[in-house]
Student: 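Next up is a structure, given as structure tokens.
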2 protein chains.
Amino acid sequence: MTKTKTKKGATALPLNTILNGDCVDAMNALPAESVDLIFADPPYNLQLRGDLHRPDNSQVDAVDDAWDQFASFDAYDLFTRDWLKAAQRLLKPNGAIWVIGSYHNVFRVGAAMQDAGFWILNDVVWRKSNPMPNFRGKRLTNAHETLIWASKGEGAKYTFNYEALKALNEGVQMRSDWVLPICTGHERLKDDKGDKAHPTQKPESLLHRVLLGTTNPGDVVLDPFFGTGTTGAVAKMLGRDFIGIEREVAYRKVAEKRLAKVRKFDREALQVTASKRAEPRVPFGQLIERGMLRPGEELFSMNKRFKAKVRADGTLVGGDHRGSIHQVGAALEGAPSCNGWTYWCIKRDGKPISIDVFRQQIRAEMAERPN
Amino acid sequence: MTKTKTKKGATALPLNTILNGDCVDAMNALPAESVDLIFADPPYNLQLRGDLHRPDNSQVDAVDDAWDQFASFDAYDLFTRDWLKAAQRLLKPNGAIWVIGSYHNVFRVGAAMQDAGFWILNDVVWRKSNPMPNFRGKRLTNAHETLIWASKGEGAKYTFNYEALKALNEGVQMRSDWVLPICTGHERLKDDKGDKAHPTQKPESLLHRVLLGTTNPGDVVLDPFFGTGTTGAVAKMLGRDFIGIEREVAYRKVAEKRLAKVRKFDREALQVTASKRAEPRVPFGQLIERGMLRPGEELFSMNKRFKAKVRADGTLVGGDHRGSIHQVGAALEGAPSCNGWTYWCIKRDGKPISIDVFRQQIRAEMAERPN
DNA sequence: CCGACACCTGAATCGTCAT
DNA sequence: CATGACGATTCAGGTGTCG
């Protein structure tokens with residue numbers, strides 16, 4: 001596995017290797033300006049308090065590892081500024097960096113990146129298609145994570161494969177929000193006991209898009225928080241060289257085993273990101289938020305037998321019934337079910353129109369600029 | 001337009017008014033702990049270099065106003081920490097704050113919020129359904145902005161209308177990514193010359209979701225960067241009071257004109273799907289006192305695995321366990337907790353019914369004859 | 001081999017009130 | 001302020017078993 005390559009007289013790089021130890025020390029031991037891309041998935045500094053149970057009473061397996069514990073925001077900032085400084089030194093002048101985080105840490109990381117001189121090119125939102133819900137109903141479902149993409153400094157060049165990403169996105173410019181599922185099933189690595197090998201393994205589809213879009217074949221990609229080696233695996237598939245740094249022996253072992261199995265140009269890997277979209281679901285509430293319908297307005301049924309009033313949260317009140325457009329329609333008709341979209345009408349310019357017309361308008365907008 | 005309301009002897013608030021001047025001075029002139037929600041859309045500190053042209057050589061009307069210019073990150077940080085401190089002072093203990101930004105400023109703002117003691121509840125991605133493309137093809141389409149929602153501090157309470165947002169989203173939990181169009185068409189305010197009145201006018205749909213989800217009717221909402229008054233307009237529609245602060249006379253004028261035209265939704269429409277948590281508590285013992293259940297009767301669990309006997313004091317005996325309906329349910333299931341109301345059933349006319357039905361009967365009576 | 005269904009799981013800052 | 005009782009709360013998708 002260990003190979004080295006000599007770059008025109010410079011110190012040899014430990015390519016396609018996982019280095020042991022602290023990431024700052026390991027980075028500082030490598031030659032300056034020798035790496036094309038850094039992908040970093042640092043600890044998020046989640047500050048979890050007690051246990052959390054699902055409504056079915058099963059317990060959520062929390063991220064409570066020692067490596068995610070910091071005494072304070074200040075301690076986390078010191079840690080962050082340290083490794084970012086080492087990363088700055090290591091990048092080639094035209095290199096770039098990606099960092100992923102959540103609201104717990106990403107604001108501090110982003111500010112530290114700007115302070116370290118990195119020039120932010122985009123922030124990218126990874127919208128999870130299957131996130132864990134908010135079981136207590138106390139907040140919004142935390143359904144995304146944020147990636148920051150930055151060049152080495154203001155005015156620095158960087159690699160951006162515009163056409164490749166456009167092609168990945170069915171011919172339209174790739175946007176800053178990416179819908180991808182979390183890492184589950186057979187892709188999720190297990191340890192000897194059958195438990196997950198790492199609490200926060202990232203999906204290969206995410207790294208595929210990052211590396212395809214912002215590196216070239218033969219580039220050197222460094223991951224200072226290598227974990228189970230998703231960055232290395234995708235780099236190998238795509239014909240890039242990688243350097244991993246990981247201090248936990250258990251993660252290194254799993255990563256070594258994983259990487260040994262990876263073959264370059266795995267066709268399956270290229271299919272991971274391709275996803276077909278069904279007709280998008282439009283919540284009725286959007287018609288109110290967008291001002292297409294006003295709270296307090298009156299709908300009437302297609303057969304003109306019933307009326308109902310729209311409320312600000314997208315529910316209806318009709319007779320004694322309140323609920324969704326479907327529920328109230330079904331209740332009034334005494335039917336087991338009802339498609340509220342085609343059941344309810346409203347007067348516009350004196351003429352009755354189906355509320356489904358508004359849904360079609362929204363879908364048309366979405367179709368114009370998909371994903 | 002100018003109204004005031006006196007809060008139990010405290011200084012009167014200038015409700016439903018646009019205050020002139022610097023937002024920090026204006027906030028500091030208001031009484032401490034007097035505001036339920038702050039919505040802030042501060043300058044983004046866009047660092048645009050030179051003019052931007054579309055492929056057809058038409059020029060993009062960029063944000064180049066003086067109020068968006070800062071000499072350095074440090075200057076922007078000072079400005080940010082200043083107004084956040086004033087905002088902290090102004091919020092009621094159970095108040096909350098929303099701040100919107102882009103990658104240019106949101107990381108610095110988020111870090112400053114954490115440093116000021118705010119406790120982040122969610123970051124929310126406003127995914128624009130119709131963003132401006134990246135004309136040069138050098139980066140990803142910047143298709144989103146980020147909102148940060150935070151309570152006044154760790155452990156502080158906050159308003160969250162879970163059921164209303166769930167209703168808005170067709171019955172599934174609202175997520176942290178919101179798809180909404182940018183402000184265009186008739187909603188986009190124009191000045192006398194027909195140009196857009198403000199470079200970054202936010203859509204009303206965005207504020208609708210924020211205010212519906214995290215305030216109650218009658219709450220006081222303050223916007224220290226009022227602009228053309230989207231926050232005020234939606235607050236007025238939704239029956240909330242607002243206070244705006246805006247130092248540019250041109251924006252104030254546009255906002256005044258806009259607000260005069262806004263009508264409040266009718267009272268019934270503002271009723272929103274309520275949470276069960278708000279319903280009155282019914283002691284299980286009342287079912288026995290009222291003769292709905294008789295001591296000695298046998299309950300069985302929803303899953304039919306366990307039985308328990310009702311005692312005269314409203315406790316149960318099941319297996320070796322005795323105690324409340326919740327305690328016995330949890331003990332029998334070996335679960336950390338159990339909602340006895342939905343767990344236990346009883347036979348009536350040969351059919352199993354949930355004991356929660358009896359609670360609902362009592363609650364319905366209480367609603368008819370309050371006190 | 002297929003469909004139905006039960007079961008499991010995911011970077012989570014996930015109560016409130018009375019005593 | 002600590003403690004304990006009450007009781008509210010989940011979505012998408014994969015895996016594996018059974019008939």
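For the numbers below, each heavy atom of this structure counts, side chains included, while hydrogens, waters and symmetry mates do not. Chain letters run A, B, ... following the sequence lines, proteins first and then strands; every chain starts at 1. A quick note: this is a predicted structure, and the numbers were derived from the prediction, not measured.
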Student: Fill in the dot-bracket string of DNA chain D, one character per base: . for unpaired, | for a pair to another strand, ( ) or [ ] for pairs within the strand, taking Watson-Crick or G-U pairs under 3.5 Å.
Tutor: .|||||....|||||||||
Student: In whole angstrom, give the distance that lies between atom CZ of B:F284 and atom P of D:dC6.
Tutor: 11 Å
Student: Does C:dG10 have its OP1 or OP2 closer than 4.0 Å to a side-chain nitrogen or oxygen of A:K196?
Tutor: yes
Student: Among D:dG7, C:dA12, C:dA11, which nucleotide has an atom closest to any side-chain atom of B:H326?
Tutor: D:dG7
Student: Name all residues meeting the side chain to side chain donor-acceptor pair (under 3.5 Å) criterion together with B:T315; count only those two or more places apart in sequence or in a different chain, and write none if there are none.
Tutor: B:R311, B:D313
Student: With sequence neighbours excluded, tell me which residues meet side chain to side chain donor-acceptor pair (under 3.5 Å) with B:W149.
Tutor: none
Student: Do any pairs count as a salt bridge (Lys or Arg N to Asp or Glu O under 4.0 Å) and have a residue in residues 115-124 of chain B, sequence neighbours left out, and if so which ones?
Tutor: A:R108-B:D115, B:R81-B:D115
Student: Partners of B:R290 by salt bridge (charged side-chain N to carboxylate O under 4.0 Å, His left out), sequence neighbours excluded?
Tutor: B:E365
Student: A:T231: which residues meet the side chain to side chain donor-acceptor pair (under 3.5 Å) condition with it, sequence neighbours left out?
Tutor: A:D223
Student: What interatomic distance, in whole Å, is found between P of C:dA12 and the corresponding atom of D:dC6?
Tutor: 31 Å
Student: It should be established whether A:K138 places a side-chain nitrogen or oxygen under 4.0 Å from OP1 or OP2 of nucleotide D:dA8.
Tutor: no
Student: Tell me every residue that passes salt bridge (charged side-chain N to carboxylate O under 4.0 Å, His left out) with B:R363, counting only those two or more places apart in sequence or in another chain.
Tutor: B:E279
Student: Can you tell me if B:R359 touches the phosphate of D:dC6, counting only side-chain N or O atoms and a distance under 4.0 Å to OP1 or OP2?
Tutor: no
Student: Strictly under 4.0 angstrom, non-hydrogen atoms only: write out the protein contact profile of nucleotides 9-15 of chain D, one letter per nucleotide from the 5' end, B, S or -.
Tutor: BBBSSSS
Student: In chain order, what residues pass the ring pair (Phe, Tyr, Trp, His ring centres under 6.0 Å) check against B:F118, with sequence neighbours excluded?
Tutor: none
Student: Quick one: sort the B:W341 and B:F284 rings into parallel, tilted or perpendicular, breaks at 30° and 60°.
Tutor: perpendicular
